Amino acid sequence: MTNTVNTNIGASNNNLVELRDVHYSVGGRAIFKGLTIAIPRGKITAIMGPSGTGKTTLLRLITGQIHATRGDVLVDGKEVSRLNQQQLYAMRQRMGMLFQNGALLTDVSVYENVAFPVREHTKLSEELIRQLVLTKLQTVGLRGAYNLMPSELSGGMARRVALARAMVRDPELLIYDEPFAGLDPISMGVVLRLIRKMNEALAVTSIVVSHDVEEIAQVADLSYILAGGQVVATGTPKELKDDKSELVRQFMNGLADGPVAFHYPAGDYHAELMS
Amino acid sequence: MLRDILQGLSQIVTNVGAMTLFFVRVIMQVPRALLRPGLIVYQVHNAGALSLVIIMTCGLFVGMVLGLQGYDLLARFGSESALGSGAALALLKELGPVITSLLFAGRAGTALASEIGLMKATDQLVAMEIMAVDPFRRVVAPRFIGGVIALPLLTMIFIAIGIFGVQLIGVQQLGVEQGTFWSQMRGSVKLHDVWEGVIKGCVFGIACSLVAVYEGYTAEPTAEGVGRATTRTVVISAVLTLILDYMITAVML
């Protein structure tokens, strides 16, 4: 059932992010039990898996918001848990992250949201900031919405503004947490192309956490499927599609029956209805 | 029963410890936050200017009630002329700082706590962290400083309007002689009394702002959690104001 993880963990220079034998527990519940993942530089890596397998937790480990109970989380060869706040912030300045809900600052406009990281970390002139912000907003198709407040945006628009904000400082590593959830087909296509474009034009390393198997297959160079706190399969989207293991087939084809239970554990259905 | 009491006490001690550590963390960010005066001015506007109407209205009515009650009380002893000094001292030393602080907790404190709590619930604080921006420096410290600046100013405005209210009732309506009213006040109010009001305003400003930003920042990131944090802000601020009021009065008398 389990595929061999065929990424070269030892070759740090080729991998921007590495997780080695990571264990992580919350309140006695083990989320990761020896997770080993390598995110190659300049590639798009997809992290997939059933709900509750800790995909968002993985992103929090990589960004240093939480630390592993055991094992190493390395970003550009540096162990994240050993960085002090200054070093951690220096590392994060090279990252961009798209949150599931956008996480826009609600008290300022779209323009100011995108300008926020630039204003906080640089002393660029207002004219340059304007050019940067409008360029990024144009990329996500929302230049005309620069003056709107986040409360005036739809969910999909908010996500696109958040994407513009994540890209505005041209990061080395872009992390997308469920980038396609709730997007209409047009926006989804735009976001897909953007992920690919960022990767091709700027050699940005991308980590995409998503359930959308079909969409991910179009852009990912490498995919990991997580289940039970470990990597259960890895490979290119095509390799995963052809994978014979039951869990991978269930996940890739969206089947209700399989090793991953659709129903939360419960007693007998009929007995409960009749009782 | 005993176990519950011990548990409650341990919870209080834990909270006080956590709030103290939080306070130290905020204070450490204050110098850096002061480098961005624009953010602080914005927060003084939010916590101060936007509370002006409620503070002025309440100040006026508290002053007017003080005029009525004070006149009634003093008239029993034939000392109506002391209305100005009595009311001014009461407003400066007690009513002004305490009532302003309670109103501040209800208006600005709750706004601060719920705003920070909601920022947390909607991942805005985490997003800042990921953008390598310390939320303590960018969100917490400016709001704290804004509150600390705003409350003493609001206290002084409350007192001034309150004295106007006393004058309105005492002099204009009940007929206390204008000259006596003001000269008695000038004669009995010392600089020390003014300082007492200012110091109380500053201390309450620190306490109420700290409670508000702490409760908001540590709120559970859910609708219920933010609601609870807002309620706790008012309750803790009010209790803290009255305890601190007693302590400062005992020291300054």
Side-chain angles (χ1 to χ4, degrees), chain A residues 56 59-66 75 80 83-108 112-123 150-151 155 158-159 161-163 165-169 171 173-178 207, chain B residues 21-22 24-26 28-29 31-33 35-47 49-50 108 111-143 146 213 216-223 226:
Chain A
T56 303
L59 299 186
R60 295 180 69 200
L61 280 168
I62 295 171
T63 51
Q65 295 170 65
I66 51 173
V75 175
V80 175
L83 301 177
N84 60 30
Q85 197 194 36
Q86 209 177 353
Q87 293 166 325
L88 188 65
Y89 278 7
M91 178 194 91
R92 286 177 181 167
Q93 285 204 46
R94 295 159 57 198
M95 292 179 176
M97 181 163 170
L98 175 67
F99 283 80
Q100 262 185 50
N101 58 5
L104 296 178
L105 306 177
T106 43
D107 57 340
V108 291
E112 286 303 323
N113 260 289
V114 181
F116 182 81
V118 187
R119 287 196 202 285
E120 289 294 319
H121 295 299
T122 68
K123 288 191 167 32
S151 57
R159 198 87 53 80
V161 174
L163 183 56
R165 184 178 69 180
M167 303 186 308
V168 73
R169 295 197 65 216
L173 173 65
L174 257 171
I175 300 171
Y176 306 85
D177 192 0
E178 298 287 359
I207 304 175
Chain B
L21 287 176
F22 187 90
V24 172
R25 226 177 132 188
V26 174
M28 282 168 71
Q29 289 298 334
R32 289 184 72 192
L35 296 175
R36 306 272 297 267
L39 288 177
I40 293 168
V41 170
Y42 182 68
Q43 293 307 327
V44 172
H45 169 80
N46 265 352
L50 297 182
L112 281 179
S114 56
E115 186 191 11
I116 299 177
L118 276 173
M119 287 178 85
K120 188 179 179 187
T122 52
D123 284 339
Q124 294 180 52
L125 298 182
V126 178
M128 275 189 198
E129 287 241 19
I130 301 295
M131 289 187 275
V133 176
D134 187 354
F136 255 81
R137 180 173 56 80
R138 184 62 175 68
V139 175
V140 176
R143 280 165 176 76
V213 292
Y217 198 80
T218 54
E220 203 185 306
T222 60
V226 175

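Source: prediction; values computed, not measured. Quick note: numbers below take in every heavy atom, side chains included, and nothing from hydrogens, waters or symmetry partners.
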query: By salt bridge (Lys or Arg N to Asp or Glu O under 4.0 Å), which residues pair with A:Glu178, not counting sequence neighbours?
result: none

Where on [X] is there a heavy atom nearer than 4.5 Å to chain B: the side chain, the backbone, both, or neither?
X: A:Gln65; value: side chain
X: A:Leu104; value: backbone
X: A:Gln100; value: neither

task: Can you see which heavy atom on B:Val133 is nearest to which on A:Phe116, and at what distance?
output: CG2-CE2, 3.9 Å

query: How close do A:His121 and B:Ala132 get, heavy atom to heavy atom, and via which atoms?
result: CE1-O, 3.0 Å

- request: Working to the nearest 0.5 Å, report the span between CD1 of B:Ile130 and CG of A:Leu98.
  value: 12.0 Å

message: Counting heavy-atom pairs under 4.5 Å with chain B, which one of A:Leu105, A:Leu88, A:Ile175, A:Thr63 comes out on top?
response: A:Leu105

message: Just to be sure I understand the criterion: a residue of residues 120-129 of chain B counts if one of its heavy atoms is under 4.5 Å from a heavy atom of chain A. Which ones qualify?
response: B:Thr122, B:Asp123, B:Gln124, B:Val126, B:Ala127, B:Met128, B:Glu129

- prompt: Applying the side-chain contact (heavy atoms from CB on, under 4.5 Å) test to B:Met131, which of A:Glu120, A:Arg169, A:Met95, A:Arg165 qualifies?
  reply: A:Arg165

